[in-house]
Amino acid sequence: MDQKIQYCTSPDGVRIAYSAIGKGPTIVRASHWLSYLEKEVKSPVWRHLVLGLAERHTLVRYDARGTGLSDRNVNLEDITFENWVGDLECVVDAQNLENFTL
């Protein structure tokens, strides 16, 4: 299963990398402290989870600010809960999602 990596811009101007993979009802996985979209689909730790969920769902994932393919040059002061919520909203808006499982 191939993934297409795309980018959106958060409210404070940080570029966020995201991917939608699979078909079916949408699941959005909120990013965690260390993510890398390209490597997760090849990782022996994450591959089975990503591809398993994508078999029957559209799985939307994104790299958190400062990690993976998202902008890495961010100030530590900008890594806040409020900005993480803004990043999630950016991805949801870029995918035009109204209903999804988080």
Trainee: Under a 4.5 Å side-chain heavy-atom rule over Ile, Leu, Val, Met, Phe, Trp and Tyr, are V91 and I5 clustered together?
Mentor: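 Different clusters: V91 never reaches I5 through Ile, Leu, Val, Met, Phe, Trp or Tyr contacts under 4.5 Å.
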Trainee: Cluster question for you: counting only ILVMFWY and a side-chain heavy-atom cut-off of under 4.5 Å, with indirect links fine, are W84 and L97 together?
Mentor: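 Yes, W84 connects to L97 through the hydrophobic network.
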Trainee: What are the two closest non-hydrogen atoms of A64 and S35, and how far apart are they?
Mentor: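 Result for this residue pair: N-OG, 3.4 Å.
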Trainee: Check whether W46 and Y62 end up in the same hydrophobic cluster, where Ile, Leu, Val, Met, Phe, Trp and Tyr are linked by side-chain heavy atoms less than 4.5 Å apart.
Mentor: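 No.
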Trainee: Give a yes or no on whether the backbone of V41 and the side-chain of R47 come within a donor-acceptor separation of less than 3.5 Å.
Mentor: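 The answer is yes, because a donor-acceptor pair under 3.5 Å joins these two groups.
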Trainee: Set out, in order, the CA-CA distance, both residues' side-chain angles and the distance that settles side-chain contact (heavy atoms from CB on, under 4.5 Å) for R65 and D71, then state yes or no.
Mentor: CA-CA 6 Å; R65 59 179 56 221; D71 278 346; over 6 Å; no
Trainee: To the nearest 0.5 Å, tell me how far L51 CG sits from K42 NZ.
Mentor: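 The CG atom of L51 sits 12.0 Å away from the NZ atom of K42.
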Trainee: Which pair of heavy atoms, one from S19 and one from Q3, lies closest together, and at what distance?
Mentor: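 Between these two residues, the closest heavy atoms are OG-OE1, 2.9 Å.
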Trainee: Measure the CG-CZ distance between L53 and R61 for me, rounded to the nearest 0.5 Å.
Mentor: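 Output value for this atom pair is 10.0 Å.
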Trainee: Is Y18 close to Q95 at the side-chain level, that is, under 4.5 Å between some pair of heavy atoms?
Mentor: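 Side-chain contact under 4.5 Å: yes.
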Trainee: L102 pairs by side-chain contact (heavy atoms from CB on, under 4.5 Å) with which of V92, V28, V60?
Mentor: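 Among V92, V28, V60, the one that satisfies the side-chain contact (heavy atoms from CB on, under 4.5 Å) with L102 is V28.
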Trainee: To the nearest 0.5 Å, what is the distance between CG on L69 and OH on Y36?
Mentor: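 These two atoms lie 4.5 Å from each other.
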Trainee: Please walk me through it: do E77 and N75 pass side-chain contact (heavy atoms from CB on, under 4.5 Å)?
Mentor: CA-CA 5 Å; E77 306 86 51; N75 296 321; 3.4 Å; yes
Trainee: Tell me, yes or no, whether the heavy-atom count around D93 atom CG, taken from other residues, nucleotides or ligands under 6.0 Å, exceeds 12.
Mentor: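 Yes, enclosed.
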Trainee: CD of E89 to CG of N83: how many Å apart, nearest 0.5 Å?
Mentor: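 Reported to 0.5 Å precision, the distance equals 10.5 Å.
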Trainee: Give a yes or no on this: more than 12 heavy atoms of other residues, nucleotides or ligands lie within 6.0 Å of atom CD of Q6.
Mentor: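 Above 12, so yes.
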Trainee: If you group Ile, Leu, Val, Met, Phe, Trp and Tyr whenever their side-chain heavy atoms sit less than 4.5 Å apart, what else falls in with V85?
Mentor: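 Members other than V85 - counting any ILVMFWY side chain reachable under 4.5 Å - are F81.
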Trainee: If you look at every heavy atom in G86 and P11, which pair is closest and at what distance?
Mentor: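 Minimum heavy-atom contact is O-CD, 3.7 Å.
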Trainee: Would you say the side-chain atoms of T26 pair up with the backbone N or O of F100, donor to acceptor, closer than 3.5 Å?
Mentor: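 Checking the backbone N and O of F100 against the side chain of T26, no donor-acceptor pair under 3.5 Å is found.
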Trainee: Looking at every non-hydrogen atom in both residues, tell me the closest pair between D87 and S10 and how far apart they are.
Mentor: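 Taking D87 first and S10 second, the nearest heavy atoms are OD1-CB, 3.1 Å.
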Trainee: Nearest 0.5 Å please: distance from the CD atom of E40 over to the CG atom of L59.
Mentor: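 Between E40 CD and L59 CG, I get 9.0 Å after rounding to 0.5 Å.
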Trainee: Without swapping roles, check the side chain of T9 against the backbone of R15 for a donor-acceptor pair under 3.5 Å.
Mentor: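 Not a single qualifying donor-acceptor pair exists.
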Trainee: On a heavy-atom basis, which atom in Y7 and which in A17 lie closest, and how many Å separate them?
Mentor: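 Minimum heavy-atom separation between Y7 and A17: CE2-CB, 3.5 Å.
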Trainee: Once you round to the nearest 0.5 Å, how far does CG of D63 lie from CG of L37?
Mentor: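 So the gap between those two atoms works out to 3.5 Å.
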Trainee: Looking at T58 and G24, what are the two nearest heavy atoms and their distance?
Mentor: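 That closest heavy-atom pairing would be OG1-O, 3.1 Å.
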Trainee: Dump the intermediate steps for side-chain contact (heavy atoms from CB on, under 4.5 Å) on V74 and V14, then the final yes or no.
Mentor: CA-CA 8 Å; V74 295; V14 175; 4.1 Å; yes
